[in-house]
Amino acid sequence: MGIIYQVFRKKHLLFDDRYTKAMCMALASISSFVIALYLNLLLPAHPVTYFLPFFAGVWIGWQFGSFMKAPAPLNGVYNGILGGVMGMMFGAVLQNPALCNIPMETEAFITSDLISLVIFCAALHTLVNAVVRYSLKK
């Protein structure tokens, strides 16, 4: 995420606000989603760490939204918050599928689903970053 942020920071003045807005929406939402998911899965359940994925989403959205003129950074913050909250909820459901009444029979199914969906999210994040980098080359 740091590499794509640096590349986008260097080149964002070359594009109009519409293109920058579309790229910031994609990057802020998927990056905050994946970071919030990882924080929710890796950190122990504690009231202090409960809102950390949310604030990580706000920070990521603010960073990517700051490339645009005011009041457009609110778009980045909104997408960061949305991705952060979705990552928190997705992490909670992956750890306890009974929250959404998803029938799971054993811990092995929960673990295998958790690993496969986390790998899918990492692949999705990589794909979005690759598409944005490819679009910046044009």
Side-chain angles (χ1 to χ4, degrees):
M1 185 175 81
I3 294 171
I4 193 71
Y5 178 79
Q6 293 297 328
V7 170
F8 198 71
R9 185 181 172 101
K10 286 181 184 176
K11 294 187 175 183
H12 82 278
L13 295 175
L14 301 175
F15 308 110
D16 61 346
D17 280 345
R18 185 175 173 193
Y19 178 81
T20 305
K21 180 181 173 185
M23 293 298 114
C24 287
M25 284 176 54
L27 289 171
S29 60
I30 192 67
S31 297
S32 62
F33 175 79
V34 171
I35 296 296
L37 175 65
Y38 290 158
L39 287 176
N40 195 8
L41 293 177
L42 294 175
L43 295 177
H46 189 270
V48 175
T49 61
Y50 184 71
F51 289 106
L52 188 61
F54 172 77
F55 290 119
V58 170
W59 184 77
I60 291 169
W62 181 261
Q63 290 298 314
F64 282 110
S66 66
F67 294 132
M68 296 177 278
K69 297 174 189 165
L74 289 175
N75 186 25
V77 172
Y78 172 75
N79 286 304
I81 290 172
L82 198 63
V85 170
M86 286 192 315
M88 278 178 24
M89 290 190 299
F90 191 57
V93 170
L94 282 178
Q95 290 174 339
N96 185 9
L99 291 172
C100 292
N101 291 330
I102 299 172
M104 287 292 171
E105 297 181 8
T106 63
E107 287 288 323
F109 284 132
I110 294 173
T111 304
S112 68
D113 286 347
L114 188 140
I115 292 171
S116 62
L117 289 173
V118 167
I119 290 172
F120 172 74
C121 289
L124 183 66
H125 189 224
T126 304
L127 178 69
V128 169
N129 282 340
V131 168
V132 169
R133 286 200 68 173
Y134 178 75
S135 68
L136 289 174
K137 288 181 182 178
K138 296 289 175 171

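FYI, side chains are in, hydrogens and waters are out, and symmetry mates aren't considered; it's all heavy atoms of this structure.
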Response to the item:
Tightest non-hydrogen contact, residues Ala92 and Leu99, listed as O-CD1, 3.6 Å

Worksheet item: Looking at Ala26 and Val128, what are the two nearest heavy atoms and their distance?
Response: O-CG1, 4.2 Å

Worksheet item: Any link between Leu82 and Ile30 through a network of hydrophobic side chains (Ile, Leu, Val, Met, Phe, Trp, Tyr) touching at under 4.5 Å?
Response: no

Worksheet item: Would you say the side chain of Ile110 lies within less than 4.5 Å of the side chain of Glu107, judging by non-hydrogen atoms?
Response: yes

Fill in: Spacing of CG belonging to Leu114 relative to CZ belonging to Phe90, to within rounding of 0.5 Å
8.5 Å

Practice prompt. If a pair satisfies side chain to side chain donor-acceptor pair (under 3.5 Å) and one of its residues is in residues 24-43, list it, with sequence neighbours excluded.
Written response: Ser31-His125

Discussion item. Show the nearest heavy-atom pair for residues Pro97 and Leu94, with the distance to one decimal.
Written reply: CD-O, 4.2 Å

Worksheet entry | Atom pair CG (Leu27) and CZ (Arg133), whose distance is rounded to the nearest 0.5 Å | 11.5 Å

Worksheet item: With hydrophobic residues grouped by side-chain heavy-atom distances under 4.5 Å, do Leu41 and Phe33 end up in a single group?
Response: yes

Worksheet item: Is there a path of hydrophobic side-chain contacts, each under 4.5 Å between heavy atoms of I, L, V, M, F, W or Y residues, that connects Phe55 with Met89?
Response: yes

Worksheet item: Do you reckon Trp62 sits in the same ILVMFWY cluster as Met88, going by side-chain contacts under 4.5 Å, direct or chained?
Response: yes

Item to complete: Could you pull out the closest heavy-atom pair between Ala36 and Gly87, with the gap in Å?
Response: CB-CA, 4.0 Å

Practice prompt. Using the rule that two of Ile, Leu, Val, Met, Phe, Trp, Tyr join whenever any of their side-chain heavy atoms come within less than 4.5 Å, decide whether Met25 and Val34 are in one cluster.
Written response: no

Worksheet item: Within the side chain of Thr111, is there an N or O that forms a donor-acceptor pair under 3.5 Å with the backbone of Ala108?
Response: no

Worksheet item: What closest approach, in Å, do Ala28 and Gly76 show between heavy atoms, and which atom pair accounts for it?
Response: CB-O, 4.0 Å

Item to complete: Can you measure from CD1 (Ile60) to CD1 (Ile81) and round to the nearest 0.5 angstrom?
Response: 12.0 Å

Worksheet item: Quick one: ring pair (Phe, Tyr, Trp, His ring centres under 6.0 Å) partners of Tyr19, sequence neighbours excluded?
Response: Phe15

